[in-house]
S.K.: 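I have a structure I would like to understand better, so I am pasting it below and will then ask my questions one at a time.
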Amino acid sequence: MIEWPLPVTLDEARAAEKRYVGHHHHTFPTCSACGTGRDEDDGLRIFPGPVEGRPGTVAGTWTPSRSTVDEGGATVTVPIMWAAVDCPSAWPFLEDGTVALLGRMAVDVGRPVMVGDTYVVVGEAAGQDGRKLFGRAAIFVAIFDATRGRPAL
């Protein structure tokens with residue numbers, strides 16, 4: 001069974017991505033998921049920064065572009081969805097300059113990700129065994145709840 005982190009609000013994710021360490025130092029600046037050295041419509045541009053009050057948790061927003069679509073043109077391809085959770089699962093460990101690469105991954109796709117919609121991507125530290133770091137991540141739909149006057153997930 002795959003465990004995923006608790007969601008954060010759209011506002012919390014936007015605030016967190018301003019604290020993204022990769023804005024100041026990035027070991028892989030051309031990473032297609034979280035690289036800061038890519039143009040606006042090149043790569044996923046997910047910048048997961050620390051969530052205030054949630055140690056070991058990072059979050060950022062993601063609005064998939066047309067470059068990520070499947071043959072139908074409206075939904076993001078499954079490999080792109082996998083890429084969108086890869087880096088956020090590692091960034092909780094990278095604050096101190098640690099370098100990590102994906103060793104293995106399991107994904108549960110619950111619903112399609114639509115091009116042009118805004119999502120909240122959350123990553124969370126889930127443990128460590130020697131040099132192995134364990135993280136989890138999820139993509140949440142960001143929905144504006146007019147009755148509460150703020151985004152709800």
S.K.: Just verifying a value: how many Å separate Lys132 NZ and Phe134 CZ, rounded to the nearest 0.5 Å?
M.R.: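 It comes to 5.5 Å.
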S.K.: Evaluate the criterion side chain to side chain contact (heavy atoms under 4.5 Å, CB included) for residue pair Arg14 and Leu10; output intermediate values, then yes/no.
M.R.: CA-CA 6 Å; Arg14 286 182 173 148; Leu10 182 59; 3.6 Å; yes
S.K.: Using modelled atom types and a 3.5 Å cut-off, is there a donor and acceptor pairing between side-chain atoms of Tyr20 and backbone atoms of Cys34?
M.R.: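 It does hold such a pair.
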S.K.: Under the criterion side chain to side chain contact (heavy atoms under 4.5 Å, CB included), which of Ile80, Thr63, Val76 is the partner of Leu44?
M.R.: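 For Leu44, the side chain to side chain contact (heavy atoms under 4.5 Å, CB included) check succeeds only for Ile80.
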S.K.: Side chain of Arg19, backbone of Pro50: donor and acceptor closer than 3.5 Å?
M.R.: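 Side chain of Arg19 to backbone of Pro50: a pair is present.
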S.K.: How long is the span from the NZ atom in Lys18 to the NE2 atom in His23, to the nearest 0.5 Å?
M.R.: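 Result: 10.0 Å between the selected atoms.
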S.K.: Measure centre to centre between the rings of Phe140 and Trp4, then say whether the value is under 6.0 Å.
M.R.: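 No - the distance between ring centres of Phe140 and Trp4 does not fall below the 6.0 Å cut-off.
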S.K.: Val122 and Pro7: which non-hydrogen atoms are nearest, and at how many Å?
M.R.: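 Smallest interatomic distance, heavy atoms only, reads CG2-CA, 4.4 Å.
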S.K.: What are the two closest heavy atoms between Ala33 and Ala83, and how far apart are they?
M.R.: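 Nearest heavy atoms, Ala33 then Ala83: CB-O, 3.6 Å.
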S.K.: Apply ring-ring contact (aromatic ring centres under 6.0 Å, His included) to Tyr119 and list each qualifying residue two or more places apart in sequence or on a separate chain.
M.R.: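 For Tyr119, no residue satisfies ring-ring contact (aromatic ring centres under 6.0 Å, His included) once neighbours in sequence are set aside.
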S.K.: Nearest 0.5 Å, please: how far is CH2 in Trp62 from CG in Asp117?
M.R.: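 With rounding to 0.5 Å, CG (Asp117) is 11.0 Å from CH2 (Trp62).
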S.K.: For the residue pair Trp91 and His26, is the inter-centroid distance of their aromatic rings smaller than 6.0 Å?
M.R.: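 Here the rings of His26 and Trp91 have centres that are less than 6.0 Å from each other.
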S.K.: Out of the candidates Val121, Thr57, Ile139, only one should pair with Pro88 under the side chain to side chain contact (heavy atoms under 4.5 Å, CB included) rule; please name it.
M.R.: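 Among Val121, Thr57, Ile139, the one that satisfies the side chain to side chain contact (heavy atoms under 4.5 Å, CB included) with Pro88 is Val121.
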S.K.: Do Val78 and Ile46 share a hydrophobic cluster, counting only Ile, Leu, Val, Met, Phe, Trp and Tyr and linking them when any side-chain heavy atoms are less than 4.5 Å apart?
M.R.: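 Linked within one cluster.
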S.K.: Are any side-chain N or O atoms of Glu12 and backbone N or O atoms of Val51, one a donor and one an acceptor, separated by less than 3.5 Å?
M.R.: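 No; zero donor-acceptor contacts below 3.5 Å.
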S.K.: First locate atom CZ of Arg45, then atom CZ of Arg38, and finally report the distance between them rounded to the nearest 0.5 Å.
M.R.: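 Separation between the atoms: 9.5 Å.
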S.K.: Mind checking the CG-OG1 spacing from Asp42 to Thr30? Nearest 0.5 Å is all I need.
M.R.: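 Rounded to the nearest 0.5 Å, the CG-OG1 separation comes to 9.5 Å.
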S.K.: Can you establish whether the number of heavy atoms outside Gln128 located under 6.0 Å from its atom CD is more than 12?
M.R.: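 Yes, because the 6.0 Å sphere around CD of Gln128 holds more than 12 heavy atoms from other groups.
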S.K.: Hydrophobic clustering (ILVMFWY, side-chain heavy atoms < 4.5 Å, transitive) - are Val141 and Leu6 grouped together?
M.R.: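 No; tracing contacts between hydrophobic side chains, which count when under 4.5 Å, never links both residues.
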S.K.: Indicate the atoms forming the closest heavy-atom contact of Pro64 with Val113, along with that distance.
M.R.: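 Taking every non-hydrogen atom into account, CG-CG1, 3.7 Å.
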